[in-house]
Amino acid sequence: HKKGVSMDKILLVVSDTELGDGSAIDDFIHDDLFCDFLNSYMIKRYNDIPVEIVFNGDTFDFIKVPYNGKHPRHVTSEVSLAKLNSIKKAHPKFFDALNKFLKDKTNSAVFVYGNHDLDIAFEAVQEKLRKVLGGNVIFPGFFYKQGKVRIEHGSQFDALYRVEGSPFTSYNGDKILNMPFANYIIFDYLIHLKKEYP
C-alpha cells in the first residue's frame, strides 16, 4: 500500500460477551461457538486481507467475578489481575482460540472499555492480556476509530454507567477504578438476585 493510503481490513465487532468465572452467574456459555466463529476467519483468509476483532466493551465481566469471596468497592490492579485469572481459568477455549488467531501477525484484537470491564484500563491487566494472547493487542480506551468507522460500547452515554473523567481515582494512596454508580447497585442487589435466579 502507498504512504497515506490505508490498507483494507476486515473488522469483526463483538460486544457484551461478559466472560465470568464459570459460576452460575457467568453469562458466557458459548466458548465453542466463539471458537468456531474465530476459526472461520483463520481458514478463509479473504485474499489475505488482515482481520481485526474488536471487542466492543463488556468482554470480561469483572463486576460479577468475586475477589476473595467478595465484590470490593475499591478495585486495585491486584484485584483486577486476580479476577482476570479467574476468568482465564474458566474460559481456556476462548483464550486459546484468540491466541491462535493472533499468531497470524496480520491479525489483531482490540479491547474497548465497557462498564463491566473497566478493569482493562489498568496497565498491569493490559500487560497480562498481551502476554497471554500474544500478537497485536490494542487498548484504545472508551472508543476505537478505524478509518471512517467509530466503535464504542455506549456506556459513556448512560448517566448510570458513565465514568466521569479518568478511569482511575485514588483512595488511601491506592490507585483504584473510578467505577460508575450502577456498579454499586449490581454489587448490593443484582448479583444476589442473579445467584438466586441464574
Side-chain angles (χ1 to χ4, degrees), residues 14-23 25-28 31 34 52-103 105 107-145 151-153 155-156 161-184 186-187 191:
V14 179
S15 186
D16 295 88
T17 52
E18 297 184 11
L19 280 80
D21 64 354
S23 69
I25 63 171
D26 186 346
D27 290 326
F28 190 72
D31 293 87
F34 175 79
E52 185 165 76
I53 186 163
V54 180
F55 291 98
N56 187 23
D58 293 0
T59 305
F60 309 108
D61 201 349
F62 285 93
I63 292 178
K64 292 198 302 271
V65 174
Y67 174 73
N68 291 336
K70 297 182 179 177
H71 294 88
R73 275 35 176 190
H74 304 115
V75 178
T76 63
S77 63
E78 177 186 317
V79 171
S80 295
L81 283 169
K83 288 182 174 194
L84 179 61
N85 285 334
S86 295
I87 294 167
K88 184 179 174 294
K89 186 176 178 183
H91 297 281
K93 288 181 181 180
F94 176 94
F95 286 91
D96 289 346
L98 202 46
N99 179 273
K100 184 178 175 187
F101 172 79
L102 291 170
K103 285 200 185 309
K105 297 304 178 192
N107 292 344
S108 53
V110 177
F111 291 91
V112 174
Y113 304 167
N115 50 297
H116 283 241
D117 60 5
L118 188 59
D119 303 62
I120 62 175
F122 279 119
E123 191 174 311
V125 173
Q126 292 178 9
E127 287 174 12
K128 175 74 173 183
L129 281 168
R130 283 190 177 107
K131 183 178 179 184
V132 167
L133 298 175
N136 188 18
V137 181
I138 303 161
F139 299 94
F142 288 107
F143 69 90
Y144 180 60
K145 197 159 174 24
I151 302 165
E152 58 189 293
H153 184 66
S155 54
Q156 288 298 92
Y161 292 104
R162 181 180 322 139
V163 173
E164 300 293 342
S166 168
F168 306 110
T169 189
S170 62
Y171 179 77
N172 287 341
D174 290 328
K175 182 178 182 179
I176 64 169
L177 286 182
N178 181 16
M179 292 191 286
F181 173 74
N183 284 27
Y184 303 104
I186 294 169
F187 293 150
I191 287 176

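The figures that follow rest on heavy atoms only: side chains count, while hydrogens, waters and symmetry mates do not.
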Would you give the length of the straight line joining atom [atom1] of [X] to atom [atom2] of [Y], rounded to the nearest 0.5 angstrom?
{"X": "F122", "Y": "S77", "atom1": "CZ", "atom2": "OG", "value": "5.5 Å"}
{"X": "K64", "Y": "I25", "atom1": "NZ", "atom2": "CD1", "value": "6.5 Å"}
{"X": "F139", "Y": "Y113", "atom1": "CZ", "atom2": "OH", "value": "8.0 Å"}
{"X": "T17", "Y": "F94", "atom1": "OG1", "atom2": "CZ", "value": "5.0 Å"}
{"X": "S166", "Y": "N178", "atom1": "OG", "atom2": "CG", "value": "6.5 Å"}
{"X": "F168", "Y": "K175", "atom1": "CZ", "atom2": "NZ", "value": "4.5 Å"}

Shortest non-hydrogen contact between [X] and [Y], atoms and distance:
{"X": "A182", "Y": "Y161", "result": "CB-CE2, 3.3 Å"}
{"X": "I191", "Y": "I63", "result": "CD1-O, 3.8 Å"}
{"X": "H91", "Y": "F28", "result": "CE1-O, 3.3 Å"}
{"X": "N115", "Y": "N183", "result": "O-OD1, 3.9 Å"}
{"X": "V163", "Y": "P180", "result": "CG2-CD, 4.1 Å"}
{"X": "L118", "Y": "P167", "result": "CD1-CB, 3.8 Å"}

In sequence, state the C-alpha distance, the side-chain angles, and the governing distance for F111 and L133, and then conclude on side-chain contact (heavy atoms from CB on, under 4.5 Å). CA-CA 12 Å; F111 291 91; L133 298 175; 3.9 Å; yes
Has the side chain of [X] got a donor or acceptor atom that lies under 3.5 Å from a matching backbone atom of [Y]?
{"X": "R130", "Y": "V137", "value": "yes"}
{"X": "D174", "Y": "I176", "value": "no"}
{"X": "N107", "Y": "E52", "value": "no"}
{"X": "H116", "Y": "T59", "value": "no"}
{"X": "N56", "Y": "E152", "value": "yes"}
{"X": "D61", "Y": "G20", "value": "no"}
{"X": "Q126", "Y": "I120", "value": "yes"}
{"X": "D117", "Y": "D58", "value": "yes"}

Would H71 and I186 count as a side-chain contact (heavy atoms from CB on, under 4.5 Å) if you check the C-alpha gap in whole Å, the side-chain angles of each, and the deciding distance to 0.1 Å? CA-CA 10 Å; H71 294 88; I186 294 169; over 6 Å; no
Can you check side-chain contact (heavy atoms from CB on, under 4.5 Å) on F101 and L98, steps first, answer last? CA-CA 5 Å; F101 172 79; L98 202 46; 4.2 Å; yes
Within-4.5 Å side-chain heavy-atom neighbours: [X] and [Y]:
{"X": "Y171", "Y": "T76", "result": "no"}
{"X": "V125", "Y": "K83", "result": "no"}
{"X": "Y67", "Y": "L81", "result": "no"}

Would you say [X] has more than 12 foreign heavy atoms packed within less than 6.0 Å of its [atom1]?
{"X": "F143", "atom1": "CZ", "value": "no"}
{"X": "F181", "atom1": "CZ", "value": "no"}
{"X": "K105", "atom1": "NZ", "value": "yes"}
{"X": "K70", "atom1": "NZ", "value": "no"}

Run the side-chain contact (heavy atoms from CB on, under 4.5 Å) check on D119 and L84 step by step: do they pass? CA-CA 9 Å; D119 303 62; L84 179 61; over 6 Å; no
May I ask you to check whether F55 and F60 place their ring centres under 6.0 Å from each other?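 Centroid distance F60-F55: not below 6.0 Å, so no.
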Under a 3.5 Å cutoff, is there a donor and acceptor pairing between the side chains of N172 and H74?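 Side-chain D/A pair, N172 to H74: absent.
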Apply side chain to side chain donor-acceptor pair (under 3.5 Å) to the pair K103 and N99, showing each step before the final yes or no. CA-CA 6 Å; K103 285 200 185 309; N99 179 273; 3.2 Å; yes
